[in-house]
Amino acid sequence: EVLHLGEGLNPIEPVDASFFRSMAALCMYMMQWSRPECSNAARGCSRVMSNPQVGQMDSVKYMARYIVGTPNRGLVLAPKRLWDGDMSFEFELHGRSDSDYASCKDDRRSVTGSRVFMEGAPVAFRSNTQKFVTLSVTEAESGAGVTTAQDMMFTYRLLTSMGLKVKLPMLLEMDNKGAVDLA
């Protein structure tokens, strides 16, 4: 469920608003360090923290119950190859991007989701509202792809600055044919 900014129609009591903000912050903390699958929901709750509505309290409670009820989920750092210290070893980087076109009903912005993997293990992930309003699904997916490519280039430059090698070309996976054709 996408949470929308409240218009003051059904705000919760101040003590409940404080509880809402605490729960949203806890979920954001968990998302940041070990539960990236909750990033979209945590981002949605953080958008409405200043004026939470009665119906939005159920969403933050649901997310907290999910996190507590699934303690064995989260990041799995299991690379497919291990580095033996040999400086001629070439690390494999790849990325995946996706977009949810115009999912925010308040400003019609799309949400970008991206992950960067090194040897199959996630090293960077994000879910954020795009800084621009897109006019089509292809444009939103292209924006997500660019964001992921930037994260991949940052990881590439970090590794090469340490004198390590990266296998080229790096692959970026996108699920929109129009965006792939444009790239």
For this session: Show the numbers, then the answer: is there a side chain to side chain contact (heavy atoms under 4.5 Å, CB included) between Tyr101 and Val111?
Result: CA-CA 7 Å; Tyr101 173 65; Val111 174; over 6 Å; no
Exercise. So, do Tyr66 and Cys38 sit near enough that their side-chain heavy atoms are less than 4.5 Å apart?
Worked result: yes
For this session: To the nearest 0.5 angstrom, please state how far the CD atom of Glu90 sits from the CG atom of Leu93.
Result: 11.0 Å
Exercise. About how many Å separate CG of Leu168 and CG of Leu171, when rounded to the nearest 0.5 Å?
Worked result: 10.5 Å
Exercise. Would you say the side chain of Met28 lies within less than 4.5 Å of the side chain of Ser46, judging by non-hydrogen atoms?
Worked result: yes
Exercise. Around atom CZ of Phe89, are there more than 12 heavy atoms of other residues, nucleotides or ligands at under 6.0 Å?
Worked result: yes
For this session: Of all the heavy-atom pairs spanning Val116 and Thr148, show the shortest one and how long it is.
Result: CG2-O, 4.2 Å
Exercise. Would you say the side chain of Arg43 lies within less than 4.5 Å of the side chain of Met31, judging by non-hydrogen atoms?
Worked result: no
Exercise. Are Met118 and Leu82 grouped together when hydrophobic residues (ILVMFWY) are joined by side-chain heavy atoms under 4.5 angstrom apart?
Worked result: no
Problem set entry | Residue pair Glu141 / Ser99, side-chain donor-acceptor N/O under 3.5 Å | no
For this session: Inspect the contact between Arg81 and Glu119 and indicate whether a charged nitrogen and a carboxylate oxygen are less than 4.0 angstrom apart.
Result: yes
Problem set entry | Gap between atom CZ of Phe20 and atom CD of Gln53 - 0.5 Å precision | 9.5 Å
For this session: Compare all side-chain heavy atoms of Glu139 with those of Ser136 and state whether any distance is below 4.5 angstrom.
Result: yes
Exercise. Counting N and O atoms only, with roles assigned by atom type, does the side chain of Thr160 sit under 3.5 Å from a partner on the main chain of Arg157, one being a donor and the other an acceptor?
Worked result: yes
Exercise. Do the side-chain N and O atoms of Thr134 and Ser110 include a donor-acceptor pair separated by under 3.5 angstrom?
Worked result: yes
Problem set entry | Leu164 side chain reached by Trp83 side chain, heavy atoms, under 4.5 Å | yes
Exercise. For Tyr156, does the OH atom sit with more than 12 other heavy atoms under 6.0 Å from it, leaving out its own atoms?
Worked result: no
For this session: In sequence, state the C-alpha distance, the side-chain angles, and the governing distance for Phe125 and Leu75, and then conclude on side chain to side chain contact (heavy atoms under 4.5 Å, CB included).
Result: CA-CA 11 Å; Phe125 48 86; Leu75 284 176; 3.9 Å; yes
For this session: Please test Glu92 against Lys80 for side chain to side chain contact (heavy atoms under 4.5 Å, CB included), starting from the C-alpha separation and ending with a verdict.
Result: CA-CA 10 Å; Glu92 289 184 15; Lys80 58 185 178 181; 3.2 Å; yes
Problem set entry | Minimal non-hydrogen separation, Arg21 against Ser50, with atom names | NH1-O, 4.4 Å
Problem set entry | Within 6.0 angstrom of Phe132 CZ, more than 12 heavy atoms from elsewhere | yes
Problem set entry | Closest heavy-atom pair and its distance - Met174, Gly145 | SD-CA, 3.7 Å
For this session: Identify the heavy atoms of Gly143 and Gln130 that sit nearest to each other, and give their distance.
Result: C-NE2, 4.1 Å
Exercise. Are the side chain of Ser18 and the backbone of Pro14 linked by a donor-acceptor contact shorter than 3.5 Å?
Worked result: no
Exercise. For residues Thr70 and Arg35, is any side-chain donor paired with an opposing acceptor at under 3.5 Å?
Worked result: yes
Exercise. Atom CG of Asp98 and atom CG of Asp175: how far apart are they, to the nearest 0.5 Å?
Worked result: 4.0 Å
Exercise. Do the ring planes of Phe117 and His94 sit parallel (below 30°), tilted (30 to 60°) or perpendicular (above 60°)?
Worked result: parallel
Problem set entry | Approximate separation, where rounding is to 0.5 Å, of Met30 CE and Glu37 CD | 9.0 Å
Exercise. Is Lys61 close to Phe19 at the side-chain level, that is, under 4.5 Å between some pair of heavy atoms?
Worked result: yes
Problem set entry | CG on Asp16 to OG on Ser22, rounded to 0.5 Å | 11.5 Å
Exercise. Can you tell me if Arg109 uses its side chain to pair, donor with acceptor, with the backbone of Val133 under 3.5 Å?
Worked result: no
Exercise. Going by heavy atoms in the side chains, are Pro122 and Arg115 under 4.5 Å from each other?
Worked result: no
For this session: Indicate the atoms forming the closest heavy-atom contact of Ala179 with Thr138, along with that distance.
Result: N-CG2, 3.6 Å
For this session: Report the C-alpha separation of Thr112 and Ser127 in whole Å, then their side-chain angles, then the decisive distance to 0.1 Å, and conclude whether the side chain to side chain contact (heavy atoms under 4.5 Å, CB included) test is met.
Result: CA-CA 5 Å; Thr112 289; Ser127 171; over 6 Å; no
Exercise. Hey, quick one: are Val60 and Tyr62 part of the same hydrophobic cluster, counting side-chain heavy atoms closer than 4.5 Å, chains of contacts allowed?
Worked result: no
Seminar exercise, completed: Here the pair of heavy atoms bringing Ser161 nearest to Leu158 is OG-O, 2.7 Å
Exercise. Cluster question for you: counting only ILVMFWY and a side-chain heavy-atom cut-off of under 4.5 Å, with indirect links fine, are Val146 and Met152 together?
Worked result: no
Exercise. Are any of the side-chain nitrogens in Arg96 or Glu173 under 4.0 Å away from the carboxylate oxygens of its partner?
Worked result: yes
For this session: Consider only side-chain heavy atoms of I, L, V, M, F, W and Y, link residues closer than 4.5 Å, and tell whether Val166 and Met87 are in one cluster.
Result: yes
For this session: Compare all side-chain heavy atoms of Cys45 with those of Met63 and state whether any distance is below 4.5 angstrom.
Result: yes
For this session: Find out if a path of hydrophobic residues (ILVMFWY) with successive side-chain heavy-atom gaps under 4.5 Å connects Leu26 to Val15.
Result: no
